[in-house]
Peer 1: 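Got a structure for you, questions after.
These numbers come from the heavy atoms of this one structure, side chains and all, not from hydrogens, waters or symmetry mates. Everything numeric here is computed off the predicted structure, so don't read it as measured data. The sequence lines fix the lettering, A, B, ..., with proteins before strands; numbering per chain opens at 1.
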Protein chains: 2
Amino acid sequence: MVTPADDAVFRPVRTGNPFEETVERLLQAIKLGVVRPGDRLPAERDLATRLNVSRVTLREAIHALTEAGFVESRRGRYGGTFVNAQLPKPRRTPAKRIARELGDGLDDALILRDALETGAAEAAAVRALTSAEEDHLRKCLADTAAAKLTDYRRFDSRLHLAIAEVTGSASLTSATADVRMRLNELLDAIPLLERNIEHSNDQHAAIVDAILAGDPERARQAMKEHLSGTATLLRAFLV
Amino acid sequence: MVTPADDAVFRPVRTGNPFEETVERLLQAIKLGVVRPGDRLPAERDLATRLNVSRVTLREAIHALTEAGFVESRRGRYGGTFVNAQLPKPRRTPAKRIARELGDGLDDALILRDALETGAAEAAAVRALTSAEEDHLRKCLADTAAAKLTDYRRFDSRLHLAIAEVTGSASLTSATADVRMRLNELLDAIPLLERNIEHSNDQHAAIVDAILAGDPERARQAMKEHLSGTATLLRAFLV
DNA sequence: AGTCAATGGATCGTTGGTAGACCATTGGAG
DNA sequence: CTCCAATGGTCTACCAACGATCCATTGACT
């Protein structure tokens with residue numbers, strides 16, 4: 001008998017070449033708001049080491065992002081590679097096309113995200129946070145609430161990532177970042193409404209509040225409701 | 001400010017070379033019980049394609065596993081690479097040494113597993129399962145309950161993987177398999193008691209029962225309790 | 001004004017992995 | 001008994017990625 005587990009365990013050991021994956025990773029940093037417009041990326045030598053990629057490959061990736069308008073490099077001491085103040089607008093690929101390409105991938109990603117993010121909210125609430133972590137959460141929440149429409153997705157992602165961070169699990173954080181990237185591509189195909197944002201902000205506040213209060217069950221439930229909102233939105237648009 | 005998100009997003013794009021990762025993947029298939037003793041692996045050409053590695057690399061990996069006593073290859077039509085009836089005993093690395101090596105990694109993995117597996121249990125219960133899926137779950141449960149002490153970990157893993165499978169999310173299944181591998185290494189350092197197994201079997205039954213009954217909250221709760229058992233066990237032994 | 005440390009930019013030899021073709025073996029089908 | 005399809009086993013040419021080294025630029029500090 002052939003079970004789906006076969007597919008899980010015999011899936012590709014690597015997707016794409018180092019160059020492509022490096023580009024993806026840098027885009028992740030930018031699009032999830034980990035580095036913000038004006039920020040400097042780590043120096044090439046450092047970054048290459050951290051990404052475990054040769055400097056040549058990293059530079060090729062940076063070059064690609066430069067051409068695409070995401071970053072710019074400056075030479076000399078106090079130089080570096082900087083995220084552009086004006087980021088390129090995401091191409092609004094027709095939702096249907098994306099939906100077709102993703103196919104089962106949509107449910108796949110939504111189910112995984114649900115597990116990761118509700119799990120993260122709960123775990124974050126269980127944990128005793130340092131005051132630095134609490135401040136970080138509050139700051140991300142405030143930034144998101146104050147974000148302009150065009151920046152909203154970035155700050156929103158950053159907040160969700162922050163919640164994963166404060167669980168203290170690096171793996172959980174990475175996984176959350178990855179699945180979020182997959183979903184953001186879809187979300188970019190959907191118009192963002194001011195009304196949705198307000199609702200979203202309220203939910204964010206409720207989630208963070210529950211986490212800071214150390215109430216796992218409430219945090220979990222608040223996150224669950226929040227996620228189900230976007231899930232419904234996505235499913236509705238991508239049919 | 002440097003946040004942990006930096007580490008998450010600037011983590012290595014690839015860990016190890018294709019050879020090492022291929023070995024890991026094949027070991028995963030064997031140790032998580034996806035392929036069982038006596039089973040034949042897919043033909044080299046097929047498997048290489050699925051893993052997205054060259055046949056040469058795959059063969060090197062298989063060779064390594066042959067030397068380690070996990071598999072054996074036979075030529076000719078109706079030949080292939082077969083999992084040995086007698087698997088090598090896991091080396092009982094002293095718990096302390098493993099704990100030291102893992103360090104934070106233990107909590108990292110436990111938190112991630114919690115999110116993934118409780119999420120999986122819930123998602124599985126929400127979903128309308130096909131009768132084939134239900135049978136698969138029941139079979140894995142029965143196999144585990146009937147497993148000998150030396151095989152227990154494999155069947156246990158297989159059951160947990162089966163629960164992830166029936167969520168329908170391939171990504172969730174892969175992630176579960178990966179984190180399980182990390183934890184199994186630790187579990188191998190801990191003596192397995194008959195008493196623990198009985199308790200474990202009861203909990204497994206409760207989880208599967210809740211899933212088949214379509215009761216997400218109960219499934220989730222049952223899984224949570226089950227996991228907290230092994231988590232406590234691990235934390236206790238690895239101090 | 002000069003220095004220099006830190007940064008991006010460029011080049012080259014080495015190597016691990018790949019793709020593809022071909023060989024060797026086996027056992028069921030005709 | 002012969003054939004042959006499917007499998008593991010081997011070889012070779014090629015290339016992407018790496019590691020290492022050196023160059024070019026910049027601007028804060030002395």
Peer 1: Rounded to the Å, how far apart are A:E72 CD and C:dG8 C1'?
Peer 2: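 Checked: the CD to C1' distance equals 14 Å.
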Peer 1: Applying side chain to side chain contact (heavy atoms under 4.5 Å, CB included), name anything that partners A:S54, two or more places apart in sequence or on another chain.
Peer 2: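 Result, side chain to side chain contact (heavy atoms under 4.5 Å, CB included) vs A:S54: A:V56, A:T57.
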Peer 1: Please determine if B:E165 and B:R158 form a salt bridge, counting it only when a charged side-chain N lies under 4.0 Å from a carboxylate O.
Peer 2: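 Result for this pair is yes, salt bridge flagged.
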Peer 1: Thinking salt bridges, do B:R14 and B:E21 make one under a 4.0 Å N-O criterion?
Peer 2: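 Salt bridge: no.
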Peer 1: Hey, can you pull the residues of residues 16-26 of chain B with a non-hydrogen atom under 4.0 angstrom from DNA chain C?
Peer 2: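 Contacting residues: B:N17, B:P18, B:F19.
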Peer 1: Filter on salt bridge (charged side-chain N to carboxylate O under 4.0 Å, His left out), then keep only pairs touching residues 111-121 of chain B, sequence neighbours left out; what's left?
Peer 2: B:E117-B:R180
Peer 1: Classify A:R40 by what it touches in the nucleic acid, base, sugar-phosphate, or nothing, heavy-atom distance under 4.0 Å.
Peer 2: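 Here A:R40 touches the backbone only, sparing every base.
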Peer 1: Rounded to the nearest 0.5 Å, what's the gap from CD on B:Q28 to CZ on A:F10? Could you check?
Peer 2: 9.5 Å
Peer 1: Look up atom CZ in B:F155 and atom NE2 in B:H160, then write down how far apart they are to the nearest 0.5 Å.
Peer 2: 14.0 Å
Peer 1: For nucleotides 26-28 of chain D, list the nitrogen or oxygen atoms of the protein found under 3.5 Å from its nitrogen or oxygen atoms, one pair per line.
Peer 2:
residue: D:dT26; atom: O2; partner: A:R77; partner atom: N; Å: 2.8

Peer 1: Between atom CG of B:L65 and atom CD1 of B:I30, what is the distance when rounded to the nearest 0.5 Å?
Peer 2: 5.5 Å
Peer 1: Would you mind reading off the distance between A:R14 atom CZ and D:dA17 atom C1', rounded to a whole angstrom?
Peer 2: 11 Å
Peer 1: We want to know whether A:N184 and A:S157 form a side-chain donor-acceptor pair, criterion being a heavy-atom distance below 3.5 angstrom.
Peer 2: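 Per modelled atom types, A:N184 and A:S157 side chains form a pair under 3.5 Å.
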Peer 1: Let me spell it out: for each of A:V53 and B:T81, pick the nucleotide of DNA chain D with the closest heavy atom. Which residue's pick is nearer the 5' end?
Peer 2: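 Going by which nucleotide is closer to the 5' end, it is B:T81.
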Peer 1: Stepwise, does the side chain to side chain donor-acceptor pair (under 3.5 Å) test hold for A:D156 with A:T144?
Peer 2: CA-CA 6 Å; A:D156 179 33; A:T144 307; 5.8 Å; no
Peer 1: Between A:A123 and A:T167, which heavy-atom pair has the shortest distance, and what is it?
Peer 2: CB-CG2, 3.9 Å
Peer 1: Indicate, yes or no, whether a donor-acceptor pair under 3.5 Å links the base of C:dG20 to the side chain of B:R45.
Peer 2: no
Peer 1: Is the shortest side-chain N to carboxylate O distance from A:R36 to A:D143 below 4.0 Å?
Peer 2: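 The answer is yes: the pair qualifies as a salt bridge.
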Peer 1: Do you know which two heavy atoms are closest between B:L137 and B:L159, and how far apart they sit?
Peer 2: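 Looking at all heavy atoms of both residues, the closest pair is O-CD1, 4.2 Å.
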Peer 1: Going by heavy atoms closer than 4.0 Å, what residues in residues 57-69 of chain A are next to DNA chain D?
Peer 2: A:T57
Peer 1: Within the sub-3.5 Å range, which N or O atoms of nucleotides 11-13 of chain C have a protein N or O partner, and how far apart are they?
Peer 2:
none

Peer 1: Between D:dT7 atom P and B:L47 atom CG, what is the distance in whole Å?
Peer 2: 12 Å
Peer 1: In terms of side-chain geometry, is the basic nitrogen of A:R182 or A:D178 positioned less than 4.0 Å from the acidic oxygen of its partner?
Peer 2: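 Looking at A:D178 together with A:R182, the answer is no, because their closest N to O distance does not fall below 4.0 Å.
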Peer 1: Give the rounded distance in Å between these two atoms: CG of B:L51 and P of C:dA19.
Peer 2: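 Those two atoms, CG and P, are 13 Å apart.
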Peer 1: Nearest to the side chain of A:R55, which nucleotide is it out of D:dT21, D:dG9, D:dT7?
Peer 2: D:dT21
